[in-house]
Amino acid sequence: MARVAVVTGGSRGIGRAICEGLQQDGFTVVANYAGNDAAANQLKADTGIPSYKFDVGDHEASLAGCKQIEAEVGPIDVVVNNAGITRDGTLHRMSFEDWNEVMRINLGGCFNMAKAAFPGMRERGWGRIINIGSVNGQAGQYGQVNYAAAKSGIHGFTKALAQEGAKFGVTVNAIAPGYIDTDMVAAVPEPVLEKIIAKIPVGRLGHAEEIARGVRFLCSEDAGFVTGSTMSINGGQHMY
Ligand code: NAP
């Protein structure tokens, strides 16, 4: 039977490319999203992939959402924690709400989804958790103390959970994308974006499919010895 993969924030952007890639690899794919029904309906119309609407930053809603997925689709074998938001501003201007919302969704979402799916993966002796971090969690970014802290936290979360999952056949890895041509980056003002692109050695933004290819590898049987790692896919913008 095909393995079940849940992609949070799977209705648009990088998440949608991940959904389509995992579907091509034979997974039964389920997307999650927050509120944009039109994008979720479009995904369903184009690919047949169903979407479940719940806020990954809400602990109870995430547990209930995953329970519903397991009842309707099957036990969850793969979680891709991709849902994320930005609420940019310098510390000087950033409200506690902007700090908290980004931590709650971007980092809290990883915890909530792992709490829901990890026990079943452990019991069945196979699982893949892929957390989407960011180059800005590795290098920091002006005007993003909330986002950089949450994404950096994701990288720590990944390494810690990888140690817990290893002996149960559950691998946990992160991908740190650079700047990718999605709606999130479309929100960056053009002059700022030009400066960012000038600092990317490959000389362009990345494509969502290029992140999806990394996820597809990490979900494969071939990646069984890869755990606790962070794959940087950033056009050479940050190397370490
Ligand atoms: P995007 O185009 O803005 O799409 C975000 C997705 O996340 C949407 O499906 C959205 O659902 C969903 N989402 C947002 N808040 C949610 C919540 N509380 N609960 C459930 N779903 C939620 O983003 P993207 O550019 O594809 O980015 C995807 C991931 O990659 C994010 O974690 C982002 O931080 C990371 N990343 C992106 C870049 C980049 O350059 N784009 C770079 C580094 C890292 P709705 O459509 O319903 O709102």
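Just follow the structure's listing: the first ligand is 1, and inside any ligand the first atom is 1. Here the structure is a predicted model, which means the values were calculated and not measured. In what follows, every heavy atom counts, from backbone to side chain, and hydrogens, waters and symmetry copies are set aside.
Looking at Asn136 against ligand 1, nothing comes within 4.0 Å, counting heavy atoms. Of all the heavy atoms of Ile14, the ones lying under 4.0 Å from any atom of ligand 1 are found in both the backbone and the side chain.
The closest donor-acceptor contact from the side chain of Lys151 to the backbone of Ile132 lies under 3.5 Å.
Nearest non-hydrogen protein atom to atom 31 (C) of ligand 1 is Asn82 O, 3.1 Å. Protein heavy atom nearest atom 30 (O) of ligand 1, with residue, atom name and distance: Ile132 CG2, 3.4 Å. Nearest non-hydrogen protein atom to atom 2 (O) of ligand 1 is Arg12 NH1, 3.6 Å. Among protein heavy atoms, atom 17 (C) of ligand 1 sits closest to Ala34 CB, 3.7 Å.
Distances shorter than 4.0 angstrom occur between a heavy atom of Ser11 and an atom of ligand 1. Distances from ligand 1 to the non-hydrogen atoms of Lys151 include at least one value under 4.0 Å. Thr8 does not count as a contact of ligand 1, since none of its heavy atoms falls under 4.0 Å from the ligand. Taking a 4.0 Å cut-off on heavy atoms, Gly133 registers as neighbouring ligand 1.
Among Ser134, Ala17, Ala187, Gly178, the residue whose heavy atom lies closest to atom 38 (C) of ligand 1 is Gly178. The heavy atom nearest to atom 5 (C) of ligand 1, out of those in Gly13, Ala83, Gly84, Gly15, is found in Gly84.
By the neighbour-count criterion of 12 heavy atoms within 6.0 Å, atom CD of Glu97 is sparsely surrounded, having that number or fewer from other residues, nucleotides or ligands. Summarising the local packing, CZ of Arg93 is surrounded by 12 or fewer heavy atoms from other residues, nucleotides or ligands at distances under 6.0 Å.
Residue Tyr33 places no N or O, backbone or side chain, under 3.5 Å from any N or O of ligand 1. At least one N or O atom of Val56, backbone or side chain, sits closer than 3.5 Å to an N or O atom of ligand 1. Residue Tyr147 places at least one N or O, backbone or side chain, under 3.5 Å from an N or O of ligand 1. Of the N or O atoms in Ala39, none lie within a sub-3.5 Å distance of an N or O in ligand 1. For a threshold of 3.5 Å applied to N or O pairs, the pair formed by Val185 and ligand 1 contains no separation below that value.
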Let me see the working for Ser229 and Asn173 under side chain to side chain donor-acceptor pair (under 3.5 Å), right down to the final yes or no.
-> CA-CA 5 Å; Ser229 75; Asn173 292 286; 2.8 Å; yes
Residue pair Asp77, Arg124: steps toward the salt bridge (Lys or Arg N to Asp or Glu O under 4.0 Å) verdict | CA-CA 9 Å; Asp77 300 302; Arg124 294 187 300 279; 3.7 Å; yes
Could you walk me through whether Asn32 and Thr8 pass the side chain to side chain donor-acceptor pair (under 3.5 Å) check?
-> CA-CA 5 Å; Asn32 141 272; Thr8 70; 4.6 Å; no
Can you check salt bridge (Lys or Arg N to Asp or Glu O under 4.0 Å) on Arg3 and Glu221, steps first, answer last?
-> CA-CA 12 Å; Arg3 290 196 156 117; Glu221 293 299 337; 2.7 Å; yes
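Proximity to Tyr179 (heavy-atom distance under 4.0 Å) selects the following atoms of ligand 1: 40 (O).
When each of Thr230, Ile18, Leu218 is checked for a side chain to side chain contact (heavy atoms under 4.5 Å, CB included) with Ile175, only Leu218 meets the rule.
With respect to the salt-bridge test (charged N to carboxylate O, under 4.0 angstrom), the residues Glu210 and Arg216 do not qualify. Taking a cutoff of 4.0 Å between a charged side-chain nitrogen and a carboxylate oxygen, Glu20 and Arg16 qualify as a salt bridge.
Considering only residues two or more places apart in sequence or on other chains, Glu70 meets the side chain to side chain donor-acceptor pair (under 3.5 Å) condition with none of them.
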